[in-house]
Amino acid sequence: MADEPLLRVEDLQKSFGGVAAVDGVSMEVERGEVHAVIGPNGAGKTTLISLLAGELRPDRGRMLFGGRDIARRPAHARARLGFARSFQITSVVPGMRVLDNVMLAVLARDGRSFRFWRPARNDPALIGPAEAALERVGLAGVAGERAGAVSHGEHRQLELAMTLAAEPELLLLDEPMAGMSADESRRMTGILEGLKGEKTMLLVEHDMDVVFALADRISVLVGGRIAASGAPEAVRADEAVRRAYLGDEAA
Amino acid sequence: MNRTVGWLLLAALAAGPPLALAAGQPFYVDILTRLVCLAAAATSLNLILGHGGMISFGHAAYIGIGAYAVGIPAYYEIYDGWLHILLAVAFSALFALATGAIALRTRGVYFIMITMAFAQMVFFAVVSIEEYGGDDGLVIDIRSEFPLIDLEDGLTLYYACFAVLLGTLYLVHRVARSRFGMVIEGAKGNERRMAALGFAFYRHRLAAYTLAGALCGLSGAMLGNFTNFISPEMMDWTRSGELIFMVVLGGTGALFGPLMGAAAFLLLEELLSGWTIYWQLPFGLLLILVVLFARGGLAGLLEGRRG
């Protein structure tokens, strides 16, 4: 089993009204690696991550997570198997406190949510791990604020804290730097670097500096297909990639 | 601040009726009994509407089910109060479980419409049963009988209803703050996020919906006992609307919100209907103002919060 990749995707296909957004993608994510998926706008990155998270059903293909086919399982069942995703557009519960949001992530992992009587907000089994996750992403200072009231960068950090608190085997990070200032982005890169080697991550990201700083492996998605996959240096040197993507950006 | 007002209101409700009787005004005991029953019903609605974001437009159905759970056995001269309560809670829970299982698969305005449709089904079912009076309703000649307490005594009935209100408030308070309550609150705020975290919150919602229905059934049984007369009109969709009005006016999700809302509702009904027969018009305008400018309701205003 040690050689079996944590996630293996085989021939994944998803079309919207006859247009194939993801067109026969096969890829692997090894345990412990940071695998980045890059590609130009409209390449199918978000569709791919939605398929992986279980929010979309594939038309065809298999997804093996730890050897089990999960292609037909709904989002919440995958989360329970050890997937955690952060959203490209911030997705938190705005009316609850920052700490509550992370406590919900802890509760999701803990699983014992059909408890009707004891107050949850002073339950040490929820607060402890939630505070630790906030500490880890540098948000301990705003734990008591309403999640809807903190800054954009803090939202992204909160997303990450929730993802971490679920103690997943695989982190699906959908453009964690989206909309961040250069400063916030550097900070987030630092946080993710600190997690490298400890967590398996599948990262979809636009910012090339971030991708090349973090990724162990990069897959390039163009027109719904994997155009190239390999170590960062190899991908950077790949002629097809330069033409399809990196060249476009440089121009 | 709003907690303080809530406790003061409860204290007034605890002390009020004997004072009214001493002052030779038994009429006020009746008003307060109705208030306490409706406040309990609205508090149960607050669990799903305020805490869970499930806007049920059919909550009065459980008042009806609870009332008929007293009236129909009484029609057959079965007056055992514990049996009445058991029937009221069990049938309300069953109805909520069955209809919630379907309704909770819909969202937004569809959920509102489908909960209303289910309630109207019960309404028309009761209207069509001639045996129990149909449209004309049913007189309860003898109230539910319990050991030691006698509901025929107005003051005793009042305190029984008040106990139901206190119990409902405490239960909703505990459940809303529990792990379970956190899940339904989270699902209200962001369904997609909760699913991504791994919550199959449909089951939590269904459990909350069933619990709220059962609680409301209990207050319906008390209301039936109080009015001595039950009719399908008790569960008309406009009654469901009034319950929503109380919750929204008082402040959704605030513990004492529905109690304040129910008190304000009855007070306004009394004042405005004395002023004009078209009292529902200023009533409606007031609700619009609350929704536009004081989204936390009365409880929110007391907190100095405008939503």
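Letters A, B, ... are given to chains in the order of the sequence lines, protein chains preceding strands, and every chain is numbered from 1.
Between the CE atom in Met182(B) and the CG atom in Leu107(A) there is a gap of 7.0 Å [rounded to 0.5 Å]. Atom-to-atom distance recorded for Met96(A):CE and Lys188(B):NZ is 9.0 Å, nearest 0.5 angstrom. Atom CZ of residue Arg179(B) and atom CZ of residue Arg112(A) lie 6.0 Å apart, to the nearest 0.5 angstrom. Tyr202(B) OH to His76(A) NE2: the interatomic distance, rounded to the nearest 0.5 Å, is 11.5 Å. The distance from the CZ atom of Phe116(A) to the CG atom of Leu171(B) is 10.0 Å, given to the nearest 0.5 Å.
Counting heavy-atom neighbours within 6.0 Å of Arg118(A) CZ, excluding the residue itself, gives a total of 12 or less. Counting heavy-atom neighbours within 6.0 Å of Arg68(A) CZ, excluding the residue itself, gives a total of 12 or less. Within 6.0 Å of CZ in Arg187(A) there are 12 or fewer heavy atoms belonging to other residues, nucleotides or ligands. For CD of Glu193(A), the number of neighbouring non-hydrogen atoms (other residues, nucleotides, ligands) closer than 6.0 Å is greater than 12.
In this structure, Arg174(B) contributes its side chain and Trp117(A) its backbone to a donor-acceptor pair below 3.5 Å. Of the possible polar contacts, none joining the Ser113(A) side chain to the Phe180(B) backbone as a donor-acceptor pair under 3.5 Å is found.
Using non-hydrogen atoms only and a strict 4.5 Å limit, no part of residues 40-61 of chain B faces chain A.
Residue contact with chain B, scored on non-hydrogen atoms closer than 4.5 Å, involves the side chain of Asp123(A) exclusively. Within the 4.5 angstrom heavy-atom criterion, no atom of Ala187(B) approaches chain A. When heavy atoms are compared at a cutoff of 4.5 Å, Glu159(A) approaches chain B by way of both its backbone and its side chain. Both the backbone and the side chain of Pro119(A) come within less than 4.5 Å of a heavy atom of chain B. Using a 4.5 Å cut-off between heavy atoms, Ala53(A) makes no contact with chain B at all.
Chain B forms more heavy-atom pairs under 4.5 Å with one residue of Ala166(A), Ala105(A), Ala147(A), Pro168(A) than with any other, namely Ala105(A). Each of Pro94(A), Ala79(A), Gly54(A), Ala120(A) has some count of heavy-atom pairs under 4.5 Å with chain B, and the biggest count is that of Ala120(A). Per-residue counts of heavy-atom pairs under 4.5 Å with chain A were compared for Gly198(B), Ala196(B), Gly186(B); the largest is that of Gly198(B). Heavy-atom pairs under 4.5 Å with chain B were tallied for Asp100(A), Asn101(A), Leu172(A); the largest tally goes to Asp100(A).
Legend: residues meeting salt bridge (Lys or Arg N to Asp or Glu O under 4.0 Å) with Arg57(A), ordered by chain and number and at least two apart, are absent.
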If you apply the rule side chain to side chain contact (heavy atoms under 4.5 Å, CB included), what do you find for Ser91(A) with Arg193(B), and how did you get there?
CA-CA 6 Å; Ser91(A) 183; Arg193(B) 199 5 143 176; 3.6 Å; yes
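Residues Asn190(B) and Val93(A) come closest through the heavy atom pair CB-CG2, 4.0 Å.
Taking the six-membered ring for Trp and thresholds of 30 and 60 degrees, Phe114(A) and His204(B) have nearly parallel ring planes, at less than 30 degrees apart.
Salt bridge status for Glu185(B) with Arg121(A): present, with a side-chain N to carboxylate O gap under 4.0 Å.
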